Amino acid sequence: MKALSQRRRHPLAAFALLLMALLVTGGIYAAASTANEAQAQTTTFTADDVEEGSKLFSANCASCHGMGATGSDAAPSLVGVGAASVDFQVGTGRMPMQMDGPQAQAKPVQFTDEQIRQMAAYVASLGAGPAIPSEEILDASAGDASKGGELFRVNCAMCHNAAAAGGALTGGKFAPSIDGTSEQHIYEAMVTGPQNMPVFSDANIAPEDKQDIIAFLKTIEEQGSPGGAELGSLGPVSEGLFIWVAGLGVVIAFTVWLTSRSS
């Protein structure tokens with residue numbers, strides 16, 4: 001017993017316990033993250049998808065992103081960005097870019113859904129990254145719009161506006177309006193962080209919470225603007241400015257009218 005007691009007091013005992021705790025915590029975290037990813041990402045590709053995607057990439061993307069998507073002076077490497085990033089960027093028309101600028105802007109899509117899928121398959125084969133989300137996690141009707149509104153206001157509204165109407169950023173950049181964006185592209189934007197947007201991994205916002213955010217965005221999209229002119233959905237700032245300008249105009253007009261009568 002005395003020998004066991006002395007071993008428990010060994011100077012390295014505390015270090016060993018700390019190391020063991022870190023290993024256990026890391027294992028639990030990795031298991032939880034894997035479970036979340038498995039729930040949200042179920043897209044699979046065939047070898048034919050990868051081969052056709054490689055041809056499409058070489059013909060349309062390699063001039064900027066380089067052969068093998070390893071990047072160049074004109075564009076970054078795509079190794080490890082995942083299928084979701086390709087599906088979002090190409091599926092919203094942001095890629096290929098029409099011109100250089102502070103950020104890529106949405107425009108008419110230049111490829112079919114099948115071609116986008118094939119390019120996504122090719123890029124996904126180059127390195128692990130976020131996959132295209134499953135249909136189940138994109139079902140807005142299964143989400144909680146009220147909870148999603150809270151999550152959106154905490155994590156997204158500072159750039160996209162509380163009504164998801166978008167807003168200006170620095171250096172000519174901007175957070176676009178989310179109105180009309182598909183559920184799939186909303187989810188993909190959260191997990192890939194396009195342009196100036198941060199990445200919200202499943203460790204930051206769980207797949208179920210992302211589904212709630214989508215439910216909130218689709219709810220306000222369906223409701224429209226029941227109060228009339230939305231004035232950019234900027235709240236009291238634009239409303240106050242309108243009242244100030246309109247009120248000042250009425251005062252000036254009334255002053256001019258009084259002056260003309262007195263003369």
Side-chain angles (χ1 to χ4, degrees), residues 81 84-111 113 116 120 130 132-133 135 137-201 204-205 207 209-243 245:
V81 301
S85 180
V86 177
D87 188 77
F88 175 84
Q89 296 287 358
V90 182
T92 59
R94 287 176 167 82
M95 290 290 159
M97 284 184 69
Q98 191 172 29
M99 64 182 71
D100 290 335
Q103 68 184 58
Q105 299 189 29
K107 60 182 184 300
V109 181
Q110 301 183 32
F111 300 93
D113 292 342
I116 294 172
I132 297 172
E135 292 295 331
I137 204 66
L138 298 177
D139 184 7
S141 63
D144 185 341
S146 177
K147 181 182 177 183
E150 295 178 6
L151 290 167
F152 184 87
R153 287 187 288 273
V154 170
N155 296 281
C156 318
M158 66 285 295
C159 293
H160 286 284
N161 179 293
L169 301 175
T170 59
K173 302 173 184 178
F174 62 94
S177 169
I178 309 177
D179 183 54
T181 305
S182 70
E183 292 88 342
Q184 182 167 314
H185 289 153
I186 293 172
Y187 194 102
E188 289 170 343
M190 286 189 277
V191 297
T192 62
Q195 313 299 331
N196 303 284
M197 183 172 171
V199 175
F200 295 102
S201 67
N204 302 124
I205 300 179
D209 293 335
K210 291 185 175 73
Q211 187 177 40
D212 293 338
I213 292 175
I214 292 173
F216 165 71
L217 292 172
K218 290 304 169 182
T219 298
I220 62 174
E221 183 179 309
E222 292 170 1
Q223 291 176 345
S225 180
E230 58 188 19
L231 300 178
S233 298
L234 296 176
V237 175
S238 58
E239 293 168 3
L241 179 62
F242 174 79
I243 293 173
V245 172

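Quick caveat: nothing in here was measured; it's all calculated off a predicted structure. Starting from 1, each residue takes its place in the sequence as its number.
With contacts defined as side-chain heavy-atom distances shorter than 4.5 Å, the pair Met190/Ile214 qualifies. Within the 4.5 Å cutoff, the side chain of Cys159 has no heavy atoms near those of the Met197 side chain. You'll find the side chain of Glu188 stays beyond 4.5 Å of the side chain of Pro130, heavy atoms only.
Under 4.0 Å is where a charged nitrogen must lie from a carboxylate oxygen, and between Lys218 and Glu221 at least one such pair does.
Taking Val90 as the reference, Val86, Met95, Phe111, Ile116, Met119 meet the side chain to side chain contact (heavy atoms under 4.5 Å, CB included) condition, with sequence neighbours excluded.
Heavy atoms from other residues, nucleotides or ligands lying under 6.0 Å from NZ of Lys173 number 12 at most.
For the pair Gly148 and Phe216, the tightest heavy-atom approach, listed with the atom from each and the gap, is C-CB, 3.7 Å. Between Lys147 and Asp209, the shortest heavy-atom contact is NZ-OD1, 2.9 Å. Phe152 and Ala162 get closest at one heavy-atom pair: CE2-O, 4.0 Å.
For residues 154-177, no residue pair satisfies the ring pair (Phe, Tyr, Trp, His ring centres under 6.0 Å) rule, not counting sequence neighbours.
Checking side-chain atoms of Glu183 against main-chain N and O of Asp139 turns up no donor-acceptor pair under 3.5 Å. Distance alone, capped at 3.5 Å, is enough to place a donor-acceptor pair between the Gln195 side chain and the Ala104 backbone. One N or O on the side chain of Lys210 and one on the backbone of Phe200 form a donor-acceptor pair closer than 3.5 Å.
For the residue pair Asp144/Ser146, the side-chain donor-acceptor check at 3.5 Å is not satisfied.
Taking CD1 of Ile132 as the reference point, atom CG of Asp87 lies at 4.0 Å (rounded to 0.5 Å).
Aromatic ring orientation, His185 versus Phe88: perpendicular (interplanar angle above 60°, classes split at 30° and 60°).
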